[in-house]
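Atoms within each ligand, like the ligands themselves, are counted from 1 in listed order.
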Amino acid sequence: VKASNPLSFSLQAKMSRPVQARRLKGIDKNIWVEFVKLAATYSKVNLGQGFPDFPAPDFLTEAFTRALGKGNHMLHQYTRAFGHPPLVKVLAQFFEKLLGRDLDPMTNVMVTVGAYQALFCCFQALVDEGDEVIIIEPFFDCYEPMVKMAGGTPVFIPLRPNPPKDGKLMSSADWQLDPAELASKFSERTKAIVLNSPNNPLGKVFSCRELGLIAELCVKHDVLCISDEVYEWLVYDGKQHIRIASLQGMWDRTVIVGSAGKTFSATGWKVGWVVGPDRLLQHLRTVHQNSVYHCATIAQEAVAQGFQRELTLYGKPESYFVQLPKELQQKRDWLVESLDGVGMKPIVPEGTCFLVADISQFKSDVPDVPNSDEPYDYRFAKWMVKNKGLAAIPLSAFYSEAHKNNYTNFIRFCFAKEEATLKAANDILQEWKQEKTS
Ligand code: PMP
C-alpha cells in the first residue's frame, strides 16, 4: 500500500548527496552580479559596469531593422553553427587587412555569443587538467573561474606600477611587467598566456617591446596565447594597438578574441568572434557545437553590415572606428580633469573606456575596518554608491585572492557615457569635495 502512495515516495526521494559539480567549488561569487544590483538600487550616476549609455550608431541599428523587415524571414531561423556566412566572410576580409595574411572565413573565424563565450570556448578547448595558464593582473575577472572550470591552474603576474617622478599624473603605461618575473612564470606545465591589450581595467596598451617579450617566451616554451582584443579600436593619443598574432611565430599559437558589443557600442547584442589558425579553432568549434551551437542570426546579419560599412570606410574620418575613439578620448579627458580636480588621482588610460583612480585622499570618509574579510576598495565602492549615488567598481576585483590586498586603494570608472552623465558625476564629486573641506 505504502509503495503505491505517491506522496510517501516523494518524501523518501529527498536528496541528501551534494548536487554541485566539484569544478564549481569556489567560483560562485561574481563581482558584476553584486555591483550591478547595488548600482540598480542606489546609483544616481552609474560609471560602474562597462557599457555605453549613448546610442549605438544609426547605420548599425538601421541594419538590424532592415534585417527584421519583410522578405527576410529566413533571418529569423537558425544559421550556420560557426557563424552566419556574411559575418564570417566580412570578418575574414577585415582581419586579412589588419593581420596582412589570407584568411579562410570558414576555418579561421568563428562567431560566438559575445567575447565572453569566445573566452569560454578557448579555455574549454585548449586547457587540460593540470595545465597552467598565465594571467596578467589586473585582469578581466572571468579568466580565473574559466581556467579553473577547465581544470587548469591560473598563474598570476601583476603589472607593477612605477610612479612618474616629475609630479605628472600616472599613465596606464607606467604599469609594466617585470621581464625576469614574467620569464619565471613559464614552465613545462604552461599551456597558455592570456593577454588583454588594451587592458580592462587599467586601459594599458601593451607596447611593441612588451608584446615582443611575451611572444619570445611563448615561442621558447611552446605556449599558446589567448589574446583578448575587445577594445582594439579604443586607443588614444595616437597610440597604436599592436596585434600579437602579427609578431613572428605567433599566428600559429594565438586565438584573437573580439566583440561587436565593444566595437559598435551595442553590448546587449552579445555578438563576439575568434580569429585564429584552423589547428586551434577546430577545437573551439567542438566546444561551440556542443554548448551554444550558434548565436542570434539577425544580430549577426546586422553586425556583418556594420563591418561591411567599416571595410569601405577603413581609415577614413567617417569610419566609426575613427570617430568612436575620438569621442571617447574627449570623455576620458573630462573624467581625468574632474577626478584630478577633487584629488581622486586618475591613472590616465591609453585605451579602453575605463579609468582607474586612487581613492587614498578620500579614505577619511570611509574608515578602514581592521581584519575585515572585505577589501577596503569594496567597502569604499559600496559606501560611495549608497551615500553619494555614484557607482564604480573596486580594482581589487581584478586581482587574484593572493594579490588582492596590495591593490585596495583604487576604483574603476567607465567613461563610455553621455556628456550629461559625466557632468552629473562631476557634480557629485565637487559637492563631496566641498563637504570635506568645509
Ligand atoms: N573581455 C574583456 C576584457 C571585457 O572587458 C569584456 C566585457 N566587459 C569581455 C571580454 C566580454 O565581452 P562581451 O560583452 O562581448 O561578451
Show me the donor-acceptor pairs within less than 3.5 Å that the side chains of residues 43-50 make with the rest of the protein, sequence neighbours left out.
from: S43; atom 1: OG; to: A39; atom 2: O; distance (Å): 2.8
from: N46; atom 1: OD1; to: G48; atom 2: N; distance (Å): 2.9

**Asked** Within the structure, does Y143 bring an N/O atom to less than 3.5 angstrom of an N/O atom in ligand 1?
**Response** no
Per-atom filter on ligand 1: closer than 4.0 angstrom to a heavy atom of S259 are 13 (P), 15 (O)
The atoms of ligand 1 lying under 4.0 Å from a heavy atom of N196, numbered in the order shown, are 3 (C)
Handout entry: Face-on cation placement of K363 at Y376 ring, 6.0 Å and 45° thresholds
Key = yes
Within 45° of the ring axis of F415 and under 6.0 Å from its six-membered ring centre, is that where the NZ or CZ of R332 lies? no
Taking the ring of W233 and the ring of Y320, is the distance between their centroids below 6.0 Å? no
Under 4.0 Å between heavy atoms, the region of V257 that gets near ligand 1 turns out to be neither
Judged by non-hydrogen atoms, does T267 sit under 4.0 Å from ligand 1?
-> no
Atom 5 (O) of ligand 1 has as its nearest protein heavy atom Y231 OH, 2.6 Å
Could you check whether E210 pairs with K204 (Lys NZ or Arg NE/NH1/NH2 to Asp/Glu carboxylate O, under 4.0 Å)?
yes
A student comparing D228, V271, V230 should find that the heavy atom closest to atom 1 (N) of ligand 1 comes from D228
A cation-pi test, strictly: NZ or CZ of R285 under 6.0 Å from the centre of the six-membered ring of W273 and no more than 45 degrees from its axis. Yes or no?
no
heavy-atom search around atom 13 (P) of ligand 1 in the protein gives A115 N, 3.4 Å
message: For F398 and F139, I'd like to know if the aromatic rings sit close, meaning centre-to-centre distance below 6.0 Å.
response: no
Under a 4.0 Å threshold between the charged nitrogen and the carboxylate oxygen, would E374 count as salt-bridged to K382? yes
Ranked by distance from atom 14 (O) of ligand 1, the top protein heavy atom is K270 NZ, 3.6 Å
Item checked: Test item, K262 contacting ligand 1 (heavy atom, 4.0 angstrom) -> yes
Within the 4.0 Å heavy-atom cut-off, what Y116 brings close to ligand 1 is both
G114 heavy atoms within 4.0 Å reach ligand 1 at atoms 15 (O), 16 (O)
Ranked by distance from atom 9 (C) of ligand 1, the top protein heavy atom is F140 CE2, 3.4 Å
Are F94 and F321 an aromatic pair, judged by ring center distance below 6.0 Å? yes
With heavy atoms and a 4.0 Å threshold, my read on which part of Q117 contacts ligand 1 is neither
